[in-house]
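These figures come from a predicted structure and were not determined experimentally. Chain A is the first sequence line, chain B the second, and so forth, proteins listed ahead of strands; every chain is numbered from 1.
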Amino acid sequence: MSADALLTVENLGVGYGDQPAVRAVSFDIARGRCLGVIGESGAGKSQAFLALLGLLPAQARVSGSARFDGHELLGGGGRSLRGRRIAMIFQDPMTALTPHLRVGDQIAETLVAHRGVTWTAARTRAAELLAQVRVGDVERRLRQYPHELSGGMRQRVMIAGALACDPDLLIADEPTTALDVSVQAQLLALLRQIVAERQMSMAVVTHDMGVIAALADDVVVMREGCVVERGCVDTILSTPRHEYTRALLAATPRLGTVGSLAAASAPPAGGELPLAAREVVVKHRLRGGWRPMSLTAVDGASLDVCAGEAVGLVGESGCGKSSLARALLRLAPVDGGRIVWLGRDVQTLDAGELRPLRSGVQIVFQDPLASLDPAMTVAAIVAEPLRALRPDLEAGARRSLVLRALEDVGLDAGYAARRGRELSGGQCQRVALARAMIVEPKLLVCDEAVSALDVSIQAQVLELLQGFKRRGTGIVFVSHNLAVVRQLCERVLVMYLGRIVESGTADAVLGTPRHPYTRLLLDAVPRLDPATARARLASFALRGDPPSAVERPTGCAFRSRCPHAVDACAERVPSLDTVENSHQVACLRWRELPE
Amino acid sequence: MMRRVRGASVVLGLLTVTALAAPWLTPWNHEQLDWANIAVPPQFEGAHWLGTDRLGRDLFARCMQALRVSLLIGVLAALVSVCIGVAWGATAGYLGGRVDAFMMRFVDIIYALPYVFIVIILATLFERGSIAALLLAIGAVGWLTMARIVRGQTLSLRRREFIDAAIASGVSTPAILWRHIVPNVAGAVIAYATLTIPQLILFESFLSFLGLGVQEPSASLGSLINIGAQEMETAPWMLLVPATLLTVLLISFNLLGDGLRSRLAGDGAAVP
Ligand code: SF4
């Protein structure tokens, strides 16, 4: 144990009943350094830190010792230091903030509680803190409620709150997982700066190697409650010794992966699917207020898919990619343009005529658990499309189809009687895939279908999708993760605030991007090499948040964040221009921009 | 918490069984007059365990008969309100938009009418003392809150992806309501229904107390309390016995409902 360790954890164990969640874990965090703890879900990494702060539920058994600057944390000691000397930020800032408290009061409250300062002083300090986490327009922000802020902004508020009492140690539990790539990059940059400025120690708990590369000095790799490897970040990322670390690194999708899944497959031969989306417009009606408002989520986007081809639909949250994907199945209303399936406009189909669309186009959603009805068994869930679309099937035939579909996604018959909550996230997603594929659709829409999964599971699900593709299913793959898209898709469409700003083959769009937005997204993809990762971050610290579709800039919507914007960009909405072959870009200045 | 739920279920079970078995437990029935024992306090002699009233009717037999009526009305009226409330709330919440606005404004309007007043009018319109009329009157107003609860739960379920998945699988709207919404609101519905039963029983007692409910020679707990209240000074047991019974009944239902609510309704989906 090094002499200047701020926190020394020895033989920490956490268990529920006779189920151990964390087993004899030891690590220490040196002053002014950042420890990265990486592992997949169920590795016990969050449990370990919650135990240190005394935040575990009462039935948890905690053993071992954890000394923080001379104080024992376990057995109640962590509770008194929490918020004062040790602060924690969580993955989901929305649930961690109190919905009815204004941002300013929320931060001030911590100060009043721990420091005993007056409310006026606390509010002034809150404003300073927000400025330190690079929140602009502080006065207005202080008076806003959490739901009025974007995800990135909320996470900043959380960080400001955590910094309120000048903690010595900041614990960040998946701090950027819920955020868009570009915002994620900004926050990582911010965290780095803050930690360096204040010479704080930090522990970052994550499943994402990119976050580790960007932030950590030392790394602990956890699996099933045990530490399997530890070392400094360069060694772990470049020459991992434990096979699990190697597997984790290998499963992490990378942009440059040569011989990616897409490249390995034969070019699509099946010809175009009978789907055409032309100039689609999707509006969401917003409730509230006296005048009903509407928000244009998709603003004139077109899309075709070939059999056996995967088309990636990428962009940040709120760019309309999900709305477009859902409109293909008539799950979102189309307010303009046409979506044609088998020669019929899907908007005009009545209930009886929908059947060809329903059996031809299926969807898999992001949240594996939420997409399974908690009151139904796996068999009933998978059988549902058959019941609805092929009512002529007998129970026996249906059952054998269900079992086959389950087998197709790697689940044996034993799972048929289980329910969603008894399965892991990856298994849930397999069930959802089985449900979608049981009617042998021609087109499968995946709405962020792998985003909620651990990397190794993600790789397995991508492999399954690859298999479906080989059998001729077309895939529309909605994702914010460019690296995953690069692996699976032949073609890519990049969306920004409802419009397609760049499209073409994956090689062209992701290899030689033309649109400044595509370049920004690519830049923001976390790198696995610490040196590059950190160098890249520096350039991200001050870039803006994506505007919401309500306050769309005139002209080119990307104007507010574009480093190349000129006056002309405010006047004309750029249309898609052909670069070469199928590569198209919607930017007025693409010819002038450096390659 | 579990202990309370278990205790409440045991008490309710015992009360129900005794009420149903009463005709075989006591030699008296609720209409029989015992001229030899008029207004006697509880005693073993003559098997008047809880005493008799002014006309010499056995109080135990009358109480048990009243308990049967109260339970019947409470449970059936709760069922009526569950059926209407679930159908109404689930439809409104699932369809949303204008249909929802219209259906829920309708509920609001009925809510705004004086509840007691409506039931009194309904009860006087029908033949006095008809249990069917009482049921209808109580149940017809009791579904309002149920509809609101179910609508709220449905709104949050509607946003879950499994509903979209069902739509994409080609499941029809009525089938989605029946197969996906109803089973997932069942927990909240059961818990809330258990909490409505005592309200409805109390309401029936109140009507009977006013003389609008069950008519002689039948009795409900409310009408027994009404009679007992008039004899309070000379024969206190005539008030104490039915009043205690009603209190125990209501407390047990409330405890059970509370326990069920915290177990079943926390997450709209946690139905075992
Ligand atoms: S049109 Fe102008 S603002 Fe838009 S991306 Fe091109 S250069 Fe940037």
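For the pair A:Arg435 and A:Glu384, the salt-bridge criterion is not met [side-chain N within less than 4.0 Å of a carboxylate O]. Taking a cutoff of 4.0 Å between a charged side-chain nitrogen and a carboxylate oxygen, A:Arg338 and A:Asp345 qualify as a salt bridge.
Of the two parts of A:Arg387, only the side chain, counted from C-beta on, holds a non-hydrogen atom closer than 4.5 Å to a non-hydrogen atom of chain B. Interface remark: B:Arg179 contributes backbone and side-chain atoms alike to the contact with chain A (heavy atom separation under 4.5 Å). Interface remark: A:Leu354 contributes no atoms to any contact with chain B (heavy atom separation under 4.5 Å).
Note on ring orientation: taking the six-membered ring where Trp is involved, the planes of B:Phe106 and B:Trp143 are parallel (angle under 30°, cut-offs 30° and 60°).
Counting non-hydrogen atoms of other residues, nucleotides and ligands closer than 6.0 Å to CZ of A:Arg399 gives a total of 12 or fewer.
Comparing A:Leu331, A:Leu329, A:Ile381, A:Ile363 by heavy-atom pairs within less than 4.5 Å of chain B, the highest count is held by A:Leu331. Between chain B and the residues A:Gln366, A:Arg358, A:Arg326, A:Met376, the largest count of heavy-atom pairs under 4.5 Å involves A:Arg358.
At a cut-off of 3.5 Å, with distance as the only test, no side-chain donor of A:Tyr16 or A:Gln59 sits close to an acceptor on the other residue.
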